[in-house]
J.: 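Here you go, one structure.
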Protein chains: 2
Amino acid sequence: MADRSTQTRPAGRKDARRNYERLLTAARTAFAEHGVGASLNDIARTAGVGNVTLYRHFPTRQALLEALLGESLRGLHTRSDELLASPSPHQALTTWLTAAVEHAMAYRGLVDALVDSLGDPASELHATCQAVKTAGAQLLARAQRAGTIRPDLDASALFSLIASVAWAAERTPAHRDQLLAVMLDGLHLRVDEPDQTGWASGV
Amino acid sequence: MADRSTQTRPAGRKDARRNYERLLTAARTAFAEHGVGASLNDIARTAGVGNVTLYRHFPTRQALLEALLGESLRGLHTRSDELLASPSPHQALTTWLTAAVEHAMAYRGLVDALVDSLGDPASELHATCQAVKTAGAQLLARAQRAGTIRPDLDASALFSLIASVAWAAERTPAHRDQLLAVMLDGLHLRVDEPDQTGWASGV
DNA sequence: ACCTGAACACCGTTCAAGT
DNA sequence: ACCTGAACACCGTTCAAGT
């Protein structure tokens with residue numbers, strides 16, 4: 001639980017450390033250009049490093065993603081803690097959901113990797129994704145207690161919702177805001193305002 | 001527009017016709033088992049056919065999907081025509097959307113192919129996907145005229161919504177109904193009932 | 001301790017021939 | 001006309017050695 005932000009950066013030999021950094025920057029540009037499915041051999045090549053060196057530092061593609069995005073994704077946890085102190089539970093949740101969707105769109109194809117990771121405890125991204133999930137869970141629970149969000153919904157369903165919107169928005173960016181709006185509206189309870197007529201309170 | 005259901009089944013040599021059918025059944029089981037990303041060489045192999053034979057009959061993976069699913073997907077168009085005659089525009093749309101999501105989940109990874117096809121006029125699935133889209137457009141427009149569906153939404157955004165739900169539901173089947181419910185609720189206009197109190201009708 | 005080049009088993013696609 | 005086996009350029013992964 002403590003010091004989640006310190007990932008295993010190699011402290012050993014100087015060239016190892018240098019190769020590590022080179023691989024990260026090469027991966028960053030490759031993912032940005034070709035999506036998370038970019039060729040790993042290509043990344044090693046442009047980093048000026050043997051491909052086995054890449055595999056030693058990052059045994060899987062997800063390890064590479066963790067190194068690149070872990071910090072940013074864990075930032076959603078911090079953000080959630082902050083928002084828990086904000087006055088409107090509902091607004092806090094919607095703000096956070098918008099940010100979460102944004103984070104999940106960092107690279108083309110990233111959402112697939114995130115969803116896979118959540119379901120695979122062996123993945124290097126697993127812990128990070130679960131941190132995101134529990135971050136959302138807190139805001140979700142608070143909003144549900146406040147009565148503005150449909151009660152039949154748990155944290156993992158919320159994660160699926162985030163992923164589904166991020167996936168579609170990545171494919172058709174023009175629809176991003178509408179997709180988000182529909183999701184947020186769908187989460188919103190119908191009877192969200194205090195009843196102003198007294199009409200419905202009888203039964 | 002006429003006779004969309006007749007696809008190019010080869011009428012030539014007997015062995016060609018036989019190979020065509022063998023490839024289809026091999027593809028069907030391969031896609032069912034490994035998703036739409038299944039190895040094409042593998043499909044040719046289990047069909048007992050040279051791989052080039054596969055490529056001649058089906059130049060792309062999407063051509064194969066069209067041959068397998070085209071009829072079923074075009075069925076959504078027929079379904080839409082039927083539902084246009086049903087009494088409740090809103091119920092008609094939700095029924096159709098549920099069916100559309102179901103269709104898009106026929107194989108693992110299918111939604112990606114469908115969305116790609118819609119954006120690529122050269123794809124063999126393009127016409128089919130557009131037929132699905134226009135089928136949804138009719139029901140959407142009717143429900144919007146009836147005032148139960150948010151008016152700021154066009155057919156392509158609706159297609160994105162279907163795809164996003166199908167994508168997530170395929171990954172986490174347990175959430176399928178909730179994802180659908182959130183989407184349908186998000187489409188639903190808040191003030192959908194005739195105002196029963198007179199409170200809101202002043203302005 | 002950390003690195004590299006070469007090999008391995010795949011993939012989709014295309015070739016030069018066969019009947 | 002329609003087919004096939006073999007080649008091609010890739011992929012991720014693993015090997016046997018190097019310093």
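Every chain is numbered from 1 and lettered A, B, ... according to where its sequence line falls, protein lines coming before strand lines.
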J.: Distance check, C1' atoms only: dA9(D) and dC10(C), in whole angstrom units.
T.: 13 Å
J.: Anything under 30° is parallel, anything over 60° is perpendicular, the rest tilted; go ahead and classify H90(B) against H188(B).
T.: tilted
J.: For R79(A), which residues count as a side-chain hydrogen bond (donor to acceptor under 3.5 Å, both in side chains) partner, sequence neighbours excluded?
T.: none
J.: Would you please name every residue forming a side chain to side chain contact (heavy atoms under 4.5 Å, CB included) with T60(A), sequence neighbours left out?
T.: Q62(A), A63(A), E124(A)
J.: Could I get a table of every N or O pair under 3.5 Å where one atom is in the protein and the other is in nucleotides 12-16 of chain D?
T.:
from, atom 1, to, atom 2, distance (Å)
dG12(D), OP1, L40(A), N, 2.9
dG12(D), OP1, R61(A), NH2, 3.0
dG12(D), OP2, S39(A), OG, 3.3
dG12(D), OP2, L40(A), N, 3.2
dG12(D), OP2, N41(A), N, 3.3
dG12(D), N7, N41(A), ND2, 3.1
dT13(D), OP2, Y55(A), OH, 3.1
dT13(D), O4, N51(A), ND2, 2.9

J.: Considering residues at least two apart in sequence or located in another chain, which fulfil the side chain to side chain contact (heavy atoms under 4.5 Å, CB included) criterion with Q91(A)?
T.: S88(A), T94(A), T95(A)
J.: Considering only heavy atoms, which members of residues 113-123 of chain A lie under 4.0 Å from some atom of DNA chain C?
T.: none
J.: Listed by chain and number, what are the side-chain hydrogen bond (donor to acceptor under 3.5 Å, both in side chains) partners of R45(B), not counting sequence neighbours?
T.: D42(B)
J.: Can you sort out the partners of H103(A) under ring-ring contact (aromatic ring centres under 6.0 Å, His included), two or more places apart, ordered by chain and number?
T.: none
J.: Please name all residues satisfying side-chain hydrogen bond (donor to acceptor under 3.5 Å, both in side chains) with R150(A), sequence neighbours left out, ordered by chain then number.
T.: D185(B)
J.: Given pairs defined as Watson-Crick or G-U wobble with both distances under 3.5 Å, what dot-bracket annotation applies to DNA chain D, with ( ) intrastrand, [ ] crossing, | other strand and . unpaired?
T.: ||.|||||...|||||.||
J.: Could you go through nucleotides 17-19 of chain C and list every protein N or O atom that sits under 3.5 Å from one of its N or O atoms, giving the distance for each pair?
T.:
none

J.: Which residues pass the side-chain hydrogen bond (donor to acceptor under 3.5 Å, both in side chains) test with Q130(B), not counting sequence neighbours?
T.: H126(B)
J.: Side-chain atoms of residues 159-169 of chain A: list all donor-acceptor pairs with protein atoms under 3.5 Å, sequence neighbours left out, distances to 0.1 Å.
T.:
from, atom 1, to, atom 2, distance (Å)
S160(A), OG, T172(B), OG1, 3.0
S160(A), OG, H175(B), ND1, 3.1
S164(A), OG, L161(A), O, 2.9

